[in-house]
*Asks:* 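Questions regarding the structure given below will be posed in turn.
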Amino acid sequence: MLMGMYSPDAQSFDVMHGLSRNVSVAAGWHRYKSDDGSKDRRFTTVQAAYLLNRSYYADGVSNLYVFGGPVSARSDELADDKTGIQAGAWGDYETRRIYVRASVQRHDVDIVEQTVTTAQALWAPYAADYEDVATWFGVQLQRRTHLSEHTQVTPMVRFFQRTWWVDAGASVNDQHRGDIYLNIMLLF
Amino acid sequence: MKTIKIAIVLALALLAGNAWAAATVKLRVDGLVCAFCGAAIEKKLRANPATADVLVSLENKIVAVSFKDGQNIGDEQLKALINDAGYEVKGIERGSESLDELRKTLKLKKSG
């Protein structure tokens with residue numbers, strides 16, 4: 001799977017591969033900027049993710065993942081490239097009409113530390129079948145400690161079909177108003 | 001008389017063969033709520049050399065498989081393939097309806 005995300009303050013690109021039902025590996029590049037522009041952090045990551053729990057319900061499924069791995073960081077705050085760790089957790093619940101997710105990701109490299117906490121809630125006006133293009137509307141809330149003092153609020157629309165997924169939105173809170181958000185996933 | 005018996009046996013064998021070739025397995029799958037879930041299952045099933053075609057219906061919570069002539073995948077192996085994709089099979093039903101017929105019954109489009 002390929003994943004790419006863009007917003008003015010955060011960008012990422014990841015390549016993921018499932019090794020088994022519970023384990024996947026990924027390599028990625030992530031960039032974060034602080035609201036005041038004083039911090040510009042670039043991370044190169046290699047990580048493993050583990051599916052701790054998947055629960056099935058009458059019309060839905062929930063997942064709980066943990067992930068982490070070594071990270072190399074480059075930033076104006078560091079004299080040279082440093083290595084450290086990044087780790088986090090991800091939980092979601094979805095039906096064909098409702099999707100909620102909460103995730104947290106911590107980067108810890110020398111004096112560079114940050115925690116990105118994200119919550120999403122989306123609703124689909126119709127229950128798309130496998131060959132249909134699914135349409136969802138919702139909102140993403142994100143906190144980036146050590147980078148921003150504010151919660152970024154981004155209403156978004158999501159389209160996906162069997163092998164592709166696109167999120168698009170624009171932030172509405174005062175500090176990030178108008179910042180676009182794009183997230184693309186390709187399954188192969 | 002012996003020739004007639006042989007002919008009847010051969011005819012029955014041919015009929016059985018055709019029925020086998022058209023055999024379809026319908027699997028009721030828990031957790032089948034999104035297209036990415038279905039795509040992961042479809043990918044696993046299509047990777048098996050015995051698979052001819054795969055149908056996924058989120059509405060009906062089923063995955064159906066048809067096989068190449070003379071080939072088959074056993075129930076336990078099908079369960080294992082879907083389990084390996086991260087999902088659980090709750091029921092298996094074998095029938096003679098082709099996947100195209102099943103698509104018509106369920107009013108589904110064919111996978112692109």
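Order of the sequence lines sets the chain letters (A, B, ...), proteins ahead of strands, with each chain counted from 1. Values reported hereafter were calculated over all heavy atoms of this structure, with side chains retained and with hydrogens, waters and symmetry mates removed.
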*Asks:* Relative to chain B, which segment of A:R54 carries a heavy atom at a distance below 4.5 Å: side chain, backbone, both, or neither?
*Replies:* side chain
*Asks:* Centroid separation under 6.0 Å, is that true for the rings of A:F43 and A:W29?
*Replies:* no
*Asks:* Output the rest of the hydrophobic cluster of A:V139: all Ile, Leu, Val, Met, Phe, Trp and Tyr residues reachable through side-chain heavy-atom contacts under 4.5 Å, sorted by chain and number.
*Replies:* A:L141, A:V153, A:V172
*Asks:* Nearest 0.5 angstrom please: B:I82 CD1 to B:E42 CD, how far?
*Replies:* 11.5 Å
*Asks:* Which of the residues A:L187, A:V61, A:D129 is involved in the greatest number of heavy-atom pairs with chain B at under 4.5 angstrom?
*Replies:* A:D129
*Asks:* Please confirm whether A:Y181 and A:Y6 have ring centers closer than 6.0 angstrom.
*Replies:* no
*Asks:* Please determine, among B:A40, B:C37, B:S57, the option with the most heavy-atom pairs under 4.5 Å with chain A.
*Replies:* B:S57
*Asks:* Using non-hydrogen atoms and a 4.5 Å limit, figure out which bit of A:N63 sits close to chain B: side chain, backbone, both or neither.
*Replies:* neither
